[in-house]
2 protein chains.
Amino acid sequence: MYSHQLAKAAGVTPAQVRRDMMDIGYNGSPIHGYNVTELIKSIDDFLDAPEGQRAMLVGIGNLGRALISYFAGRRPQLTLVAAFDRDPRKVNRVIHGTRCYPDKRIAKVVKAKGISIAIIAVPASEAQAVAKKCVKAGIKGILNFAPVPLHVPEHIYVLDTDISMALEKVAFFARNKRRRSGV
Amino acid sequence: MYSHQLAKAAGVTPAQVRRDMMDIGYNGSPIHGYNVTELIKSIDDFLDAPEGQRAMLVGIGNLGRALISYFAGRRPQLTLVAAFDRDPRKVNRVIHGTRCYPDKRIAKVVKAKGISIAIIAVPASEAQAVAKKCVKAGIKGILNFAPVPLHVPEHIYVLDTDISMALEKVAFFARNKRRRSGV
DNA sequence: CGGTGTGAAGCGCTTCACAGCG
DNA sequence: CGCTGTGAAGCGCTTCACACCG
């Protein structure tokens with residue numbers, strides 16, 4: 001499989017693909033290109049923590065449930081092991097294999113299960129408070145779906161994914177003609 | 001309101017804020033900083049199409065429903081006016097003010113309502129087919145939540161928002177300590 | 001001083017372009 | 001040849017740094 005084929009499949013340029021190969025330390029051959037099976041293994045080695053990582057979800061609304069089904073049993077090294085909500089009617093059950101707890105128990109469950117990543121899918125008004133709780137519990141990274149910037153200590157990694165902003169962006173560029181763009 | 005205050009609120013640097021002011025053509029004064037009311041108006045003028053823009057959603061699963069409630073009556077100039085699904089049980093009703101149609105009717109509804117933006121929230125296996133249908137119907141921009149790169153003509157703007165990739169990214173950087181990052 | 005507006009520098013990602021090799 | 005691996009150039013966004021002004 002050659003760089004230009006991988007490039008077409010992934011929607012990027014061949015140069016990009018070769019650059020990425022360098023970055024993850026995988027080498028192809030000019031004759032046969034890249035061996036996909038080995039390549040996948042190299043990518044996994046590069047991305048995954050050898051011990052695996054566990055994530056939790058806070059906020060079991062429509063978005064929360066969508067996220068649970070997205071992540072259900074996707075990658076063995078990165079699993080969703082708990083979900084939390086403030087509403088007592090939403091907890092103490094299992095959705096798509098993920099157990100739901102009342103949000104009071106975040107700290108305990110994080111410690112008990114060794115969770116290092118939090119996914120925040122609560123309303124904007126609660127996001128900052130939830131983030132604080134997660135950080136105090138010992139989380140290392142946050143995936144934030146609430147449309148507010150989170151204030152957290154420097155050493156916590158935060159990725160903001162503001163969905164309505166994404167729509168604004170599409171609306172804007174759809175009018176003002178530009179090229180595609182990624183995650 | 002001064003640039004450093006806006007910066008703190010938005011989670012960016014003061015220099016960024018002033019740069020953005022230049023880009024949208026709004027001027028503050030060194031004495032009073034920026035007038036927030038006028039500023040919001042300037043931003044709207046910059047972002048919004050004067051005639052407004054209409055969007056549709058394809059795929060009424062958990063994610064689809066979450067998106068509907070996100071966008072319900074947010075911005076007057078950018079509204080979600082229709083939702084589509086293949087499943088007959090999900091259509092012919094109104095969710096959060098958004099009418100649901102069978103996906104066969106995409107082309108007709110796009111034309112009838114002057115829709116220019118499509119939000120794709122269907123399973124990966126159907127995304128490309130849906131995208132094609134949308135493009136043929138005359139859509140200008142696509143917000144894609146399916147975890148596949150879409151192949152569309154050059155002049156269509158596509159924004160890919162692969163949520164599980166976002167989680168991988170957080171997992172990776174949470175281990176390898178980096179600074180926060182945006183939409 | 002404490003702000004804004006902005007040219008210029010910095011930085012990271014993307015692309016070019018070419019050596020090397022079967 | 002055609003493809004990989006990679007130094008170097010390009011490009012766009014971010015940050016610096018400073019003139020200007022009340």
Side-chain angles (χ1 to χ4, degrees), chain A residues 1-43 45-47 149 151 154 157-162 165-166 168-170 172-173 176-183, chain B residues 1-43 45-47 149 154 157-162 165-166 168-170 172-173 175-183:
Chain A
M1 185 77 82
Y2 300 106
S3 62
H4 61 93
Q5 298 171 297
L6 294 167
K8 188 135 45 87
V12 298
T13 65
Q16 274 276 17
V17 171
R18 298 206 299 279
R19 213 28 98 169
D20 290 347
M21 296 298 177
M22 285 182 64
D23 292 346
I24 65 176
Y26 183 69
N27 283 6
S29 102
I31 314 171
H32 299 107
Y34 305 93
N35 174 322
V36 176
T37 316
E38 286 178 14
L39 174 55
I40 289 173
K41 174 120 193 4
S42 290
I43 295 172
D45 289 349
F46 181 77
L47 284 183
H151 289 105
E154 192 63 27
Y157 181 82
V158 179
L159 179 62
D160 293 305
T161 304
D162 185 335
M165 213 163 276
E168 298 278 352
K169 193 170 164 182
V170 174
F172 184 81
F173 285 117
N176 303 21
K177 208 190 262 272
R178 297 283 182 293
R179 182 81 36 68
R180 82 182 288 131
S181 110
V183 171
Chain B
M1 184 76 83
Y2 301 107
S3 62
H4 61 94
Q5 299 172 296
L6 294 167
K8 187 137 44 88
V12 298
T13 65
Q16 273 277 18
V17 171
R18 298 207 299 280
R19 206 38 91 168
D20 289 348
M21 297 296 177
M22 285 182 64
D23 291 348
I24 65 176
Y26 184 69
N27 283 7
S29 103
I31 314 171
H32 298 108
Y34 305 94
N35 175 322
V36 176
T37 316
E38 287 179 14
L39 175 55
I40 289 174
K41 175 121 192 4
S42 290
I43 295 173
D45 288 349
F46 181 77
L47 284 181
E154 191 63 27
Y157 181 81
V158 178
L159 179 61
D160 293 305
T161 305
D162 184 335
M165 212 163 276
E168 298 278 351
K169 192 169 165 182
V170 175
F172 183 82
F173 285 116
R175 297 213 316 283
N176 303 22
K177 209 190 259 275
R178 297 281 183 292
R179 183 77 42 64
R180 82 184 288 133
S181 110
V183 173

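Lettering follows sequence order; numbering is per chain, from 1.
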> From A:E168 CD over to A:D162 CG, what is the distance, rounded to the nearest 0.5 angstrom?
Replying inline: 9.0 Å
> Which pairs count as salt bridge (Lys or Arg N to Asp or Glu O under 4.0 Å) when at least one residue sits in residues 23-40 of chain B, sequence neighbours excluded?
Replying inline: none
Would you list the atom pairs, donor with acceptor, under 3.5 Å between side chains in residues 2-21 of chain B and any protein atom, with sequence neighbours excluded?
from	atom 1	to	atom 2	distance (Å)
B:Y2	OH	B:I31	O	2.7
B:Q5	OE1	B:Y2	N	2.7
B:T13	OG1	B:Q16	N	3.2

>> What's the separation between atom OG1 in B:T37 and atom CE in B:M1, rounded to the nearest 0.5 Å?
In response: 10.0 Å
> With side chains defined as the heavy atoms from C-beta onward, is the minimum distance between B:N35 and B:Y26 less than 4.5 Å?
Replying inline: yes
> With the sugar-phosphate defined as primed atoms, P, OP1 and OP2, and the base as all remaining atoms, what B/S/- string results for nucleotides 4-19 of chain C, 5' to 3', for protein heavy atoms under 4.0 Å?
Replying inline: BBBBB-----SB-B--
> Taking atom P of C:dG2 as reference, at what distance in whole Å does atom CG of B:L6 sit?
Replying inline: 19 Å
>> Between C1' on D:dG2 and CD on A:Q5, what's the gap in Å once rounded to a whole number?
In response: 12 Å
